[in-house]
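Data first, discussion second: the structure below is written as structure tokens.
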Amino acid sequence: MHYILLITATLLITAWLVLLFRVTKEDWVQAAYAKVFDDHQLMKKLRIKDIQASEKQNGYSGFLLTVIKKIYGNSNKKIEKLETDINRLHTGNLKSVNIFLMPGYVLQREVSGIGKGNIHKMIISKCFELYGKKHATKKTKQILAKILSYPIIGVAVTLLLGAVFSATGNVTVGGSISGLGTLLIFVLIYAIYDELNDLVQKRRSAIIKQFPNVVSKLALLVTSGMIMDRAWKETAYSRESELYREMRITSKELDNLVSPEVAYSNFINSCNTKESAKLACAIMQNLSKGNAEIGRLLKDMAREAWLERRHIAKRDAEKANSKLMIPTMLLFLAILVMLMVPVAMNFSSF
């Protein structure tokens, strides 16, 4: 058995190395581009985190402020490290690029069918929603590179470990390591795709929760006499979160003389929620009717949005209560056991 495992592992490692040696400059550039984008995204998150931490520190002073600063800290060192990494990548230093991904890039370049399959279509649609049209293709290639490359080297290492244990006489252990290890590798690969789904769902949920505040502010500004484009921009730059960032992108497109139909259509596609679609469609349909008509529509929309927000909050509370039932029951059983064991011991002593 260990010979079969060893031969299979050797073939997989050989295939992975052959693909690695076929990496071209184009593959390295795409991997570096995706790494730079990831670093920029992480820097944005760290800066937002620092802003939120500084807001929480307002109103505190003295020893308490020092303690709070210690708890939250700051991300300056991490940001500096990321900036250094980005500068190195721009100058052609590719040390920070994950070499284990590269065979996946080669497979995508040489096997044209990979870029036409259903998995590619599903991933690119989610990347478009998460990262925008500009970066969707590069991020899709990076995710597919992980899905293609990691199983080859991961399964090879698992089978090699199984072969080593089988060769020492532990055939059962070797077979278990090979089988369970291979299964675990594919579970982890699926987790990469599942994480993408999770990010999309979280983003949509965040947009839905932010929608009532957005439409309420738009209604207030428009009914007070502000034109729609100006009200949109004022609202977009008032906060730092998913829906507001998408509104800022739309505002910039309008400033760059992109037609409102195209700009708001891009907004619908990027947000991909029925609430954002309803808002953008209402604005497009009433661009020529003036503030009075759109103001009434926005007020009605705001009222409906807040009602829906309450329903969502109730549903979330019910889900939370149902999830708490299991740990509560386990805690109850643990307490019951703690009470009953001494009683049972006392009875057995008679």
With a cut-off of 6.0 Å (strictly less than), are more than 12 heavy atoms of other residues, nucleotides or ligands near CZ of R248? yes
Heavy-atom closest contact (A305 atom, V215 atom, distance): CB-CG1, 4.2 Å
Could you tell me which residues satisfy side-chain contact (heavy atoms from CB on, under 4.5 Å) with S270, sequence neighbours excluded, listed by chain and number? E246
Hey, is CZ on R239 packed in by over 12 heavy atoms from elsewhere, all under 6.0 Å? no
Tell me, with the steps shown, if W16 and S149 meet side-chain hydrogen bond (donor to acceptor under 3.5 Å, both in side chains). CA-CA 8 Å; W16 189 85; S149 186; 3.2 Å; yes
Could you check whether any side-chain N or O of Q210 sits under 3.5 Å from a backbone N or O of A206, counting only pairs where one atom can act as donor and the other as acceptor? yes
Is the backbone N or O of L94 less than 3.5 Å from a side-chain atom of W28, with the two atoms forming a donor-acceptor pair by type? no
State yes or no: are the ring centers of Y237 and Y244 separated by less than 6.0 Å? no
What side-chain donor-acceptor pairs closer than 3.5 Å can you find for residues 39-46, not counting sequence neighbours?
unit_1, atom_1, unit_2, atom_2, d
D39, OD1, K35, NZ, 3.0
D39, OD2, K35, NZ, 3.3

Presence of salt bridge, R303 and D300, under 4.0 angstrom: yes
Counting only heavy atoms from other residues, nucleotides and ligands, does the tally under 6.0 Å from CG of L11 exceed 12? yes
Please check if the number of heavy atoms outside K217 that lie under 6.0 Å from its NZ is greater than 12. yes
N256 side chain vs K252 backbone, donor-acceptor pair below 3.5 Å: yes
Is E242 salt-bridged to R204, going by a charged N under 4.0 Å from an acidic O? no
L221 side, atom CG; M228 side, atom CE - distance, nearest 0.5 Å: 8.5 Å
Please answer whether the main-chain N or O of N93 pairs with a side-chain N or O of R88 as donor and acceptor at a distance below 3.5 Å. no
Within-4.5 Å side-chain heavy-atom neighbours: C281 and I268: yes
Lys/Arg N to Asp/Glu carboxylate O, E304 vs K278, below 4.0 Å: yes
Using a strict cut-off of less than 4.0 Å between a Lys/Arg side-chain nitrogen and an Asp/Glu carboxylate oxygen, indicate whether E83 and K77 qualify as a salt bridge. no
Taking all atoms of both residues into account, what is the closest heavy-atom pair of G181 and T158, and its distance? CA-CG2, 3.4 Å
Between K139 and D38, does any NZ, NE, NH1 or NH2 come within less than 4.0 Å of an OD or OE carboxylate oxygen? yes
Counting distance only, does the side-chain N/O of T273 pair as donor-acceptor with the main-chain N or O of S276 below 3.5 Å? yes
For T235, is there any backbone N or O sitting under 3.5 Å from a side-chain donor or acceptor partner on S238? yes
Do any N or O atoms from the side chain of R203 and from the backbone of E129 form a donor-acceptor pair under 3.5 angstrom? yes
Distance alone, cut at 3.5 Å: any donor-acceptor contact between the side chains of D27 and T24? yes
Non-hydrogen atoms of I114 and H120 that approach each other most closely: O-CB, 3.4 Å
Mind running side chain to side chain contact (heavy atoms under 4.5 Å, CB included) on K138 and F37 for me, showing each step along the way? CA-CA 9 Å; K138 294 291 190 298; F37 178 72; over 6 Å; no
Does the ring center of W306 lie less than 6.0 Å from the ring center of F211? no
Describe, in one word, how the ring planes of H135 and Y33 are oriented to each other, choosing from parallel (under 30°), tilted (30 to 60°) and perpendicular (over 60°). tilted
So, does N269 use its side chain to make a donor-acceptor pair with the main chain of S265 at under 3.5 Å? yes
Please name the residue in the list L254, I283, T250 that meets the side-chain contact (heavy atoms from CB on, under 4.5 Å) test with D229. L254
